[in-house]
Structure formats: structure tokens, C-alpha cells
Amino acid sequence: MGASSMSLTLQASYFIATALLVLGLKRMSSPRTARGGILWAGVGMLLASVVTIFYLPGVHATAATLGEETASWNRLALILLAIAVGAIPAWWSGRRVPITEMPQMVAIYNGLGGGAAAAIAAVELYSGRAYLGSMAFPIIAVTGALIGAVGFGGSVVAFLKLQGWMGSPRFTGNQALNAALAIIVVALTIGSIFPSSASYAHLSAMMLVSVFLIASLVLGILITMPIGGADMPVIISTYNACIGLAVGFEGFVLQNPAMIIAGTLVGAAGSLLTLLMAKAMNRSFANVWFSGFGDVAVAATAHGPARTMSSMDARDAAATMAYSEEVIVVPGYGLAVAQAQHKLWEFVQMLQKKGVNVRFAIHPVAGRMPGHMSVLLAEAGVPYDLIKDLDEINSDFATADVALVIGANDVVNPAARTDKSSPIYGMPILNADQAKQVLVIKRGSGVGFSGIQNELFFGANTRMVFGDAQDVIAKMIQSLKEL
Amino acid sequence: MTGFVALYIFLIAAIVGYEVISRVPVILHTPLMSGSNFVHGIVLVGAMLALAEAQGPLEVSVGFIGVVMATGNVVGGYVSTERMLEMFKSVKESK
């Protein structure tokens, strides 16, 4: 379908839809306008989809001109059926899934887009349409299919890992197998661009394209498998950018400007977002992808003499905070695991009523992916203007009366600043240790997620409040009521 | 659309995409990733076009799967992004 054959209505609608998608994404990048942003993008998407259905080639046109009404209307019904089949489970899962599990849902919805891009390429290649014009078409169609299929396979693995249904299996020869498969995929890619058969819709050409797609899918699965769960955000974000690009490529094959622009837009925005995330997590992009690290299975380096932690009970901790002027809360994923965000916000509101200035300091890696912790706090009702980035708040710890650390560990470990032998050395941390008093709510005295001992817990100004976050905060609320 | 016009569109869209994200606060990374995931759900348009023109059982089945997956991308992307962003309220709004 060439651009010239598109009707004016169709073209104008795609234009408006594209503008809405671009502006919607722009609005989504600021907390003040973000809620409207997704709505704008949603309207754009709806417009593009509805006009496409109205102007489907070979459905309405053929029905009118060739009188093949039944066959064409059957095709339209098939399309609507496919939409229903895809929409219902996605809507249901998107609504029901708890916010803590959002990262893996983003992964799976994203992967589906990649699969769809690969499917478009497959249809265009099977039919031979992609080979009719200039050489650019098969090259771009096949490249888009490759990226889409790898992204689909990889995203499914990312979903399974974050869902806890798959570990990080590493077997000997994994790298060699991946390399071999990558070479095979490259060969199949070239073979699909230049099919040997004179008739492109020939069976052997179709077989070649199918084998190519399956091999790409398997490659996506295999390269993602050895990467640890902690690195999944960077992986998901990379696939998001790649799949955007694949969508842009298939848009070129179909000569559809809305797909080219929206796809490329996500390709670029997603690439930058990936780099920002990797930076926030103190991991280089290449390191995440090729080191097979990420589970941070580093042995605990228990050096130095055994020291004791000082503890405090929940009532005293609550009183300490009630009589201070400035409190900075440092929440970690442990808070979300304990499902204590709501209780925490209730407690913070009580402190605010007593005139205490309370803010939340969010480390970029708090939660399952950058920004995840802020969503979890927002879910509990915490306004976004109280939620501060590391850069915004780090200098304020020195003047804060209390730093309340809940379910966070590595992100407040001073070893990242000083201990060159520490695996987290160099990672930017929240300077909770500089507060006049540090209160740490923690389940037990063991080491954290990374297996690294935390100097902060032994600090002279640190008091440990042991217990489940939910219980401790409930006790603190109770004692505030009694004050 | 000739190859070069498409190339210019690619270039400008890439620059716009980069600019849109360059000043985003960390607190929005997750919703924004979800939102940009929704935006590439525009693949649904292409998947419907591919299925409309598909001939024979193989093309029709692959085209059908394509539309199912693309719809999953669009609907899932919208619902999850909207749910996350809906919670972002300022001090004023939440009172």
C-alpha cells in the first residue's frame, strides 16, 4: 500500500494520532503532566486503530468493487476476533497485577509488540510483497523481524525471571552455543533477504523465513537466560528500545508514517532511558549484557573484628522522630515486600501533624527498577513532591535530625564511598550516615540482598529497630497516638 | 515515500525521542518505560494491515497471532501505565 493510495481522511488521522503520541510521551516525562500524557497517547492510539479498521485494504474496497463481500467481511471479523483475544487477557492482567509485579508486566507487554513486528515481517516476506520494491524493503523487513523476535524471546525470559519462575541457568558452553546460534541467525538473515528461489512465495522461501524467525526467537531466549534478575530493568528497557526500532522498520516496509515515527521515537527515547537506568544502577550497559553478573553472588567480606549493633525499640524510635524537626525516610524494596507503604504513609502523616518536616529519599535502584519505589509510594498516597531523587536530597542528610532507613541496605552502605574492595564501590549512595541519628528498621542482623556487610548499621549514631516493617510501623503509630 | 524521506523521518523522530527523555526525573523511569512501551503499540496498525492482506492459511495464522500480540502490547501498555501514573499526585491534589 503506497502513501499515495491512502485517502486524505486516513492520512490526516494518522497525522493527528502521531502528534498525540509524541506529545503524550512528552507529557509523560514530567510528574505534573504525566497523567494527562498517557491519555493523549491513548486517544492517538485509538484514532489510528479505528481509522485503520475503517480503511483496511482488501476488506472494504474489495467488498465494494469485486463483490466478494462474505470473504472480506470474514476477514474483518477475524481481525476483530484477534483484537478481542489479545485485549481481554491484557486488560485483565494489567488491572489486577499488584504494583510490585509491574516490571515483569511491562516486560511481557513489550515483548508482545516485538512478536507483532516479527509477525508483520513474516506475512510480508511469506507473500513476497517485501521483495517487490527496492532492496531496502527486504533488508529492513528482515532486520526488523530479527530484532522483534529476539526482543520477544528475551522479554518472555525477563518476565519469567522477575516472576520468580526461572533462575539464571548457566551451563558450560553457553557462550559458545550463543555465538554459534548467532552465526546461524546471521546466515538465515542474509538468506531471508536474498531468497534463492525465483518465486518468492515458494515453499522453500517460506521455510527459510520460518526457520529464521524461530532461530531468532531462540537466540533471544538464550542470550537473556544467563543474566541475573537484578539486571532485568536494563534488559527490559533495552528490549523496549529495540522493539520500538523494529516497529519503525516494519512501518517503513508498510509505508506507514505513524509506525515509522512512533517506533523510532521509542527507539531513541528507550535507548536514552536504558543508559540513564544503567547509570543510576552504577552498571555499564556492556557489563549488564555480557558479564553474566547481576545476581551479585559475591561472598560476604566479613573483615574487621565482630562489632555489635545498638538497638532501640519501636516506641523510643517513634518518640525520637516526633520530637525532631527534620526526618528523611529512606525506603527500600524490603518496605514493599513487607507491604508496609500504607502504614508508613499513615505514620508520616502523623509526624507531619506534629510539625515534623518529612521527606522521602529514593535511590535510583530502590525497588525492582529505577522509579519503581516512587510508584509504590505513590500507590500508598505519598504525594510526588515529597519524593526526592538522590541528587536533590543527598546534601540535606547532614542537617536532618533523623534518617529512617526501612528495608534498604546497599543503597545506604558507606562502603560504596570508601572501601575499594567492596563490590558496590563507586555506586552513588544516599548519605544517611550523615544524619544526626540513623534509625534502621530491619528484620534481623543478617547481610542484605548483595551479601555485603553494612558499616552503617554499626555506626555510633545508628540504632537498629528489629522486626518486620509492618509490625514496627504499627507499633510506632500506636505510640504516637499515646504521646 | 522514497527511502530518503523515510530516512529524514527516522532522523528527526530519533532526535525528538532523545529530547523528550533527556530531562526526566528518576521517579518517572518506570512509568515512562511503560508509556513508551505503549507508544510502540502502534504496531497494531501494521498488524491489522498485514492480516487484512494475508493470503492462505500460513499468512492468515501468522497475521492473526500478530494482531493478538499487538493488541496485548497496546491494551496492557495502556492499562499498566495509566494505573501507575494515576497515583502520582502532588501535595495539593492529595488534600
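Residue numbers begin at 1 in each chain, while the letters A, B, ... track the order of the sequences.
Chain A forms the most heavy-atom pairs under 4.5 Å with one residue out of B:Gly76, B:Pro25, B:Ala70, B:Ala50, and that residue is B:Gly76. Per-residue heavy-atom pair counts under 4.5 Å with chain A were compared for B:Thr81, B:Val39, B:Val74, and the maximum is reached by B:Val39. For the set A:Asn240, A:Leu265, A:Leu245, A:Val22, the count of heavy-atom pairs under 4.5 angstrom toward chain B peaks at A:Asn240. Each of B:Gly46, B:Ala47, B:Gly66 has some count of heavy-atom pairs under 4.5 Å with chain A, and the biggest count is that of B:Gly46. Residue with the most contacts toward chain B among A:Asp391, A:Leu376, A:Ile243, A:Leu390: A:Ile243 (heavy-atom pairs, distance under 4.5 Å). For the set A:Val51, A:Ile387, A:Val97, the entry with the most heavy-atom pairs within less than 4.5 Å of chain B is A:Val97. Between chain B and the residues A:Gly148, A:Ser271, A:Gly94, A:Gly44, the most heavy-atom pairs under 4.5 angstrom are made by A:Gly94. Options A:Ile362, A:Leu386, A:Ile99, A:Ile108 differ in how many heavy-atom pairs under 4.5 Å they form with chain B, and the most are formed by A:Ile99. Options A:Gly248, A:Gly42, A:Ala107, A:Ala246 differ in how many heavy-atom pairs under 4.5 Å they form with chain B, and the most are formed by A:Gly42. The choice from B:Val24, B:Ile15, B:Val45, B:Ile12 that makes the most heavy-atom pairs within less than 4.5 Å of chain A is B:Val45. For the set B:Gly63, B:Pro31, B:Gly41, the entry with the most heavy-atom pairs within less than 4.5 Å of chain A is B:Gly41.
Here the side chains of A:Ile236 and A:Ser155 are not in contact, with every heavy-atom distance at 4.5 Å or above. Taking the side chain as every heavy atom from C-beta outward, A:Tyr14 and A:Thr52 approach each other to under 4.5 Å. Counting heavy atoms from C-beta on, the side chains of B:Asn37 and B:Met33 never come closer than 4.5 Å. In this structure, A:Val266 and A:Val247 have side chains that are not in contact, with every pair of non-hydrogen atoms separated by 4.5 Å or more.
For A:Phe360 and A:Tyr384, the distance between ring centers is not under 6.0 angstrom. For A:Phe252 and A:Phe137, the distance between ring centers is under 6.0 angstrom.
Interface remark: A:Met28 contributes backbone and side-chain atoms alike to the contact with chain B (heavy atom separation under 4.5 Å). For A:Glu250, no part sits under 4.5 Å from any heavy atom of chain B, backbone or side chain. Looking at A:Leu377, neither its backbone nor its side chain comes within 4.5 Å of chain B, counting heavy atoms on both sides. With a threshold of 4.5 angstrom between heavy atoms, A:Ser237 approaches chain B through its backbone and through its side chain. Contacts between A:Ala136 and chain B at a heavy-atom distance below 4.5 Å are absent for every atom of the residue. Neither the backbone nor the side chain of A:Tyr239 comes within contact range of chain B, judged by heavy atoms closer than 4.5 Å. Within the 4.5 angstrom heavy-atom criterion, only side-chain atoms of B:Leu44, from C-beta onward, approach chain A. Only the side chain of A:Asp389 comes within less than 4.5 Å of a heavy atom in chain B; its backbone stays farther off.
Applying the salt bridge (charged side-chain N to carboxylate O under 4.0 Å, His left out) test to residues at least two apart or on different chains, the pairs with a partner in residues 25-36 of chain A are A:Arg35-B:Glu93.
Side chain to side chain, A:Ser93 and A:Tyr109 meet the donor-acceptor criterion of an N or O pair below 3.5 Å.
Contacts of A:Trp91 classified as side-chain contact (heavy atoms from CB on, under 4.5 Å), with partners at least two apart in sequence or in another chain: A:Arg95, B:Val75, B:Val79.
A:Arg75 contributes a side-chain N or O that, together with a main-chain N or O of B:Ala54, makes up a donor-acceptor pair within less than 3.5 Å. Using a distance-only test at 3.5 Å, with no hydrogens or angles considered, no donor-acceptor pair links the side chain of B:Glu86 to the main chain of B:Glu82.
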Worked check of ring-ring contact (aromatic ring centres under 6.0 Å, His included) between B:Phe4 and B:Phe10: CA-CA 10 Å; B:Phe4 269 96; B:Phe10 251 91; over 10 Å; no

